[in-house]
Amino acid sequence: MNSSLLANKITDLIFNKKGYDVKIIDLRKLTTITDYFVICTGDSDTQVKAIADEVDKQLRDEGIKSWHTEGYQGLNWVLIDFVDVVVHV
């Protein structure tokens, strides 16, 4: 799956858990670190966890594993790094 399709798939998964203010930021012309940031908002720690868990589980079920995850301790902000796409919840 290319990075553009992955970013759109992640967006759909975020909407499944009622995430909002979803933005896909194309970074391909700005940096080589990643192709896209997908940024969204959740209203509570529970919703942030639910969004992050949904993205991670559904993609893992498709064989796409995250390289790195941060923020599960506080759940104010969770980052999931899929290398070509980085998700900020």
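Remember, predicted model here, so these are calculated numbers, not experimental data. The residues of the chain are indexed from 1 along the displayed sequence.
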Is there a side chain to side chain contact (heavy atoms under 4.5 Å, CB included) between F82 and K65 once you walk through the steps?
CA-CA 7 Å; F82 292 99; K65 295 180 182 175; over 6 Å; no
Flag the pair K23 / F37 as yes when at least one side-chain heavy-atom distance between them is below 4.5 Å, and no otherwise.
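They are not in contact (no side-chain heavy atoms under 4.5 Å apart), so the answer is no.
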Heavy-atom side-chain contact between Y36 and R28 under 4.5 Å:
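Result yes, sub-4.5 Å side-chain heavy-atom pair found.
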For [X] against [Y], the heavy-atom pair lying closest together:
| X | Y | result |
| --- | --- | --- |
| E54 | N16 | OE2-ND2, 3.6 Å |
| S66 | T69 | OG-OG1, 3.6 Å |
| L79 | H88 | CD1-CE1, 3.4 Å |

Let me check something: do [X] and [Y] share a hydrophobic cluster, defined by ILVMFWY side-chain heavy atoms less than 4.5 Å apart, either directly or through other members?
| X | Y | answer |
| --- | --- | --- |
| L5 | V55 | yes |
| V22 | V89 | yes |
| L30 | V38 | no |

When you look at CD1 of I25, are more than 12 heavy atoms from neighbouring residues, nucleotides or ligands closer to it than 6.0 Å?
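For I25, atom CD1 is crowded (more than 12 foreign heavy atoms under 6.0 Å).
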How long is the gap from [atom1] on [X] to [atom2] on [Y], to the nearest 0.5 Å?
| X | Y | atom1 | atom2 | result |
| --- | --- | --- | --- | --- |
| I64 | L59 | CD1 | CG | 5.0 Å |
| I10 | I24 | CD1 | CD1 | 8.5 Å |
| K17 | Q58 | NZ | CD | 8.5 Å |
| C40 | I51 | SG | CD1 | 4.5 Å |

Considering only NZ, NE, NH1 and NH2 on the basic side and carboxylate oxygens on the acidic side, decide whether D56 and R60 come within less than 4.0 Å.
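Answer for the salt bridge query: yes.
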K49/D45 ion pair, N-O < 4.0 Å
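No.
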Say whether Y72 and D53, considering side chains only, have a donor N or O and an acceptor N or O under 3.5 Å apart.
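Yes, side-chain donor-acceptor contact under 3.5 Å.
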Looking only at the side chains, is there a donor atom on one of S3 and D35 sitting less than 3.5 Å from an acceptor on the other?
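Checked: S3/D35 side chains pair up, N/O donor to acceptor below 3.5 Å.
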Check the pair K9, E62 against side chain to side chain contact (heavy atoms under 4.5 Å, CB included), reporting the backbone distance first and the verdict last.
CA-CA 11 Å; K9 170 85 173 164; E62 292 184 28; 2.9 Å; yes
Criterion side chain to side chain contact (heavy atoms under 4.5 Å, CB included) on Y20 and I14, from CA distance to verdict
CA-CA 8 Å; Y20 62 97; I14 290 168; over 6 Å; no
Ignoring hydrogens and angles, tell me if any N or O in the side chain of S44 forms a donor-acceptor pair with the backbone of Q47 under 3.5 Å.
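It does hold such a pair.
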Option from T34, I39, L27, I80 for which side-chain contact (heavy atoms from CB on, under 4.5 Å) with V86 holds:
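Exactly one pass, corresponding to T34.
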